[in-house]
Number of protein chains: 2
Amino acid sequence: MIHNAKPGLSVNPFPPPRAQTQGTSMDSKQNTLYVASLAKGLRLLRAFDEGNTELSLGELAQRSGLDKSATQRLANTLHMEGMLDKDPDTRRFRPSHAWLQLAYAYYWSDPLVGQAIPKLIDLAQELGETVNLAEMSGDHIVYVSRLPCKRTYFAATIIGRRLPALSTSAGRAILSTYPEQERNAAIDNWPIKVFTPGTTTDRAEIRRSVEEAVHDGFAISTGQMILNEIGVASPIIGHDGRAHAAVQCSVSAHTWSREKIEQHILPALQDTANAISPSFQPYRSGGLGASDPA
Amino acid sequence: MIHNAKPGLSVNPFPPPRAQTQGTSMDSKQNTLYVASLAKGLRLLRAFDEGNTELSLGELAQRSGLDKSATQRLANTLHMEGMLDKDPDTRRFRPSHAWLQLAYAYYWSDPLVGQAIPKLIDLAQELGETVNLAEMSGDHIVYVSRLPCKRTYFAATIIGRRLPALSTSAGRAILSTYPEQERNAAIDNWPIKVFTPGTTTDRAEIRRSVEEAVHDGFAISTGQMILNEIGVASPIIGHDGRAHAAVQCSVSAHTWSREKIEQHILPALQDTANAISPSFQPYRSGGLGASDPA
DNA sequence: GTTTTAAGTATCATAATATGATACGGCGTC
DNA sequence: GACGCCGTATCATATTATGATACTTAAAAC
């Protein structure tokens, strides 16, 4: 019996939103192989986001939940190590270019991206529409690669965005490749967040959408993240029949309809997703024709 | 000054300036506002790069220069905090999606990107060629945004790449906006790394190229990073007359010549760079500048 | 199939390290 | 002109990280 869907890699979901019970810290996770200072430093990094692009020491302390002294020391360390820039006038901190270099390293480490990108480029050029690569990450999806062809809102043009899987075409497409039981568990339990009046909050409706994807092999969603935006996604299926990623395309509802999409976008989209699929292999050491266990 | 990276064994490529004197470590920068554990954790993150995409505990220890126990604890912490994924079979670590989320946060914080991206999209569509946004970072440039329109080699399609400014058209374009004295100091002292047989190592030649950019308002370079690649870049000039960034375009030398570029690419490229310029507000970052204080 | 070697994991006593309260100085505000 | 806020610097304390060692598992060698 499977409690929560916990696919392949051991992906530790995301931040431990610890309530700051200020106790004497015989805290829960304090084994001797947990370095609190490092974790606190990471908290500082995570304090920056969409709405907090530039933080003073005080704000940093507030947002991270650390006291002034700790924040001072950690922020200073991050600055010395080149992870934070500091405006000498305002004394405020900002993410540094190093953050992009981490992304660079990430890209090399992701086995899927290298295979996908050339094909995504071709696809984007062929369609003339924005094409994305999304990967499942716990119960969210992350946009790993984006090839914008039209102007859109900013968040849709930059990589790293993390969205609830259930609210996105990519997430639903990927989910549609999961075994029925897991699929249902996900649909019942995974988080949903409202972004627009059009965001679907009814899980029954999401189920319909996913089951449709099971049947059709692709998912379509409308106005989930932003009004008048339609997303189409086709799963990139791995050797085990499960997808961890999807090729996604976002278009404007003003110029596109469902039919038109199915006719003009879908074929190429699916071809691309399929073309990427075979290369997604796990490494089994060598030659033996070991099929799956169990 | 560091010219060439050691080609032999892969040792720390980006070691923070720190002597390995393992002694009693009343070390240089150890004030009470420097948290060593955090810095060590960052070392672990930096151990991943282009050639090291997936590291075992041992490799991690070796590349970071930390002992086994420290590595164990820190890596474990990073794993618990969701910064590193761990393959349960091979027990090897990999960058997690969180690295992309940091990039996401970076993008919101960079005042230039938001202004530039829509215009870059338009430009890329108009030209049908790969367009990049590069920013100066110490004596290197970093590709902050990329809009590939043609298949190229992988490294040219992903963001966060850091290259010696002198070896790139973007770097030279930006440099061309610096006051003469600084310009010359940079040309004399900034690092150069050889990537192809075509990489210019002669600083006199680089000076010519930069001075040409001073005169023309744009820079062109050929075969610096990869053979048969031509780069054109136009600086994005701030209110103080200095550029911190450039719009760059990479094309194949097989289908493009210098004249053709000047005729068909340059006008739109410069228009775009100029259109972005006014919105750029300067700030200074801390850190790396090994250059002289004037 | 058995032994050897290596790599990852867990434990623990020690002191070195991070801690956070406190005090100082500069800057914009009231 | 005085106050209050925010960033910076200092310091004694004990909490925290340390790294040597021992255990466990997996792969390599025989």
Side-chain angles (χ1 to χ4, degrees), chain A residues 10 20-44 47 54-81 84-94 283-288 290 293, chain B residues 18 20-44 54-81 84-94 286:
Chain A
S10 86
Q20 263 291 68
T21 31
Q22 189 214 10
T24 340
S25 75
M26 274 316 274
D27 254 339
S28 40
K29 68 168 73 163
Q30 272 52 0
N31 311 341
T32 165
L33 32 93
Y34 181 80
V35 181
S37 314
L38 174 53
K40 288 181 197 166
L42 298 176
R43 284 252 271 292
L44 254 47
E54 212 188 55
L55 297 173
S56 69
L57 194 62
E59 294 164 336
L60 211 38
Q62 200 174 4
R63 278 187 60 78
S64 63
L66 302 170
D67 61 79
K68 201 165 118 179
S69 294
T71 308
Q72 180 190 182
R73 263 172 290 129
L74 295 166
N76 224 294
T77 306
L78 291 171
H79 178 53
M80 288 186 190
E81 293 296 322
L84 289 179
D85 288 348
K86 186 174 186 177
D87 186 311
D89 298 326
T90 68
R91 326 245 104 177
R92 310 188 105 215
F93 293 98
R94 294 192 7 183
Y283 8 50
R284 203 75 179 104
S285 35
L288 290 190
Chain B
R18 177 176 157 62
Q20 278 280 62
T21 27
Q22 190 215 6
T24 344
S25 73
M26 278 312 276
D27 253 337
S28 41
K29 69 167 77 161
Q30 275 54 358
N31 308 342
T32 165
L33 28 95
Y34 181 79
V35 181
S37 315
L38 175 52
K40 287 181 196 165
L42 298 176
R43 284 252 272 292
L44 254 48
E54 213 189 53
L55 297 173
S56 68
L57 193 62
E59 293 164 337
L60 211 38
Q62 200 175 6
R63 279 186 60 77
S64 65
L66 303 170
D67 62 79
K68 200 165 120 180
S69 294
T71 309
Q72 181 190 182
R73 262 173 290 132
L74 295 165
N76 223 292
T77 305
L78 291 170
H79 178 54
M80 289 186 188
E81 292 296 321
L84 288 179
D85 288 347
K86 186 175 187 176
D87 186 312
D89 298 326
T90 67
R91 326 244 106 173
R92 311 187 105 214
F93 293 98
R94 292 190 9 185

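Order of the sequence lines fixes the chain letters, A, B, ..., with proteins taken first and strands second; residue numbering starts at 1 for each chain. Side chains are part of it too, since the values below use all heavy atoms of this structure and drop only hydrogens, waters and symmetry mates.
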Side-chain heavy-atom pair A:Leu33, B:Gln72 within 4.5 angstrom cut-off: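 Result yes, sub-4.5 Å side-chain heavy-atom pair found.
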Protein-nucleotide distance ([X], atom [atom1]; [N], atom [atom2]), rounded to Å:
{"X": "A:Asp67", "N": "C:dT22", "atom1": "CG", "atom2": "C1'", "result": "13 Å"}
{"X": "A:Leu60", "N": "D:dC6", "atom1": "CG", "atom2": "P", "result": "14 Å"}
{"X": "A:Arg92", "N": "D:dG7", "atom1": "CZ", "atom2": "P", "result": "8 Å"}
{"X": "B:Tyr34", "N": "D:dT8", "atom1": "OH", "atom2": "P", "result": "18 Å"}
{"X": "B:Gln62", "N": "C:dA6", "atom1": "CD", "atom2": "C1'", "result": "14 Å"}
{"X": "A:Asp89", "N": "C:dG26", "atom1": "CG", "atom2": "P", "result": "17 Å"}
{"X": "B:Leu74", "N": "D:dT16", "atom1": "CG", "atom2": "P", "result": "16 Å"}

Smallest separation among heavy atoms of B:Leu57 and B:Ala75, with atom names: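 Reported closest heavy-atom pair: CD1-CB, 4.3 Å.
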Option passing side-chain contact (heavy atoms from CB on, under 4.5 Å) with B:Leu78 (candidates B:Leu42, B:Asp85, B:Leu44, B:Leu60):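 Answer to the side-chain contact (heavy atoms from CB on, under 4.5 Å) test with B:Leu78 among B:Leu42, B:Asp85, B:Leu44, B:Leu60: B:Leu44.
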Which nucleotide sits closest to the side chain of A:Ser37: D:dT18, C:dA18, C:dG20?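 Side chain of A:Ser37 sits closest to C:dA18.
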At under 4.0 Å between heavy atoms, which parts of nucleotides 8-14 of chain C does protein reach? Answer with one letter per nucleotide, 5' to 3': B base, S sugar-phosphate only, - none. BBBBB--
Would the distance check show the side chain of A:Ser64 and the main-chain N or O of A:Ala47 forming a donor-acceptor pair, the cut-off being under 3.5 Å?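 No; zero donor-acceptor contacts below 3.5 Å.
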By side chain to side chain contact (heavy atoms under 4.5 Å, CB included), which residues pair with B:Asp89, not counting sequence neighbours?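 Side chain to side chain contact (heavy atoms under 4.5 Å, CB included) list for B:Asp89, sorted by chain: B:Asp87.
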Suppose we screen for side chain to side chain contact (heavy atoms under 4.5 Å, CB included). Which residues come up paired with B:Ala61, at least two apart in sequence or across chains?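 Listed in chain order: B:Thr71.
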Any stems for DNA chain D, made of 3 or more Watson-Crick or G-U pairs in a row, each with both distances under 3.5 Å?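 Consecutive-pair runs (3 or more) involving DNA chain D: C:1-30 with D:1-30.
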Could one point to a donor on the side chain of B:Arg73 or the base of D:dG19 with an acceptor on the other under 3.5 Å away?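 Yes, the side chain and the base share a sub-3.5 Å donor-acceptor pair.
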Might you list the N or O atoms of the protein lying below 3.5 Å from N or O atoms in nucleotides 27-30 of chain C, with each pair's distance?
none

Set of residues satisfying side-chain hydrogen bond (donor to acceptor under 3.5 Å, both in side chains) with respect to A:Arg92, sequence neighbours excluded: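 Per chain and number, A:Arg92 pairs via side-chain hydrogen bond (donor to acceptor under 3.5 Å, both in side chains) with A:Glu54, A:Glu59.
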Return the [atom1] to [atom2] distance between [X] and [Y], rounded to the nearest 0.5 Å.
{"X": "B:Thr77", "Y": "B:Leu38", "atom1": "OG1", "atom2": "CG", "value": "11.5 Å"}
{"X": "A:Asn76", "Y": "A:Glu81", "atom1": "CG", "atom2": "CD", "value": "11.0 Å"}
{"X": "A:Met80", "Y": "A:Lys86", "atom1": "CE", "atom2": "NZ", "value": "9.5 Å"}

Would you mind listing every salt bridge (Lys or Arg N to Asp or Glu O under 4.0 Å) that reaches into residues 60-78 of chain A, with sequence neighbours excluded?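 For residues 60-78 of chain A: A:Asp49-A:Arg63.
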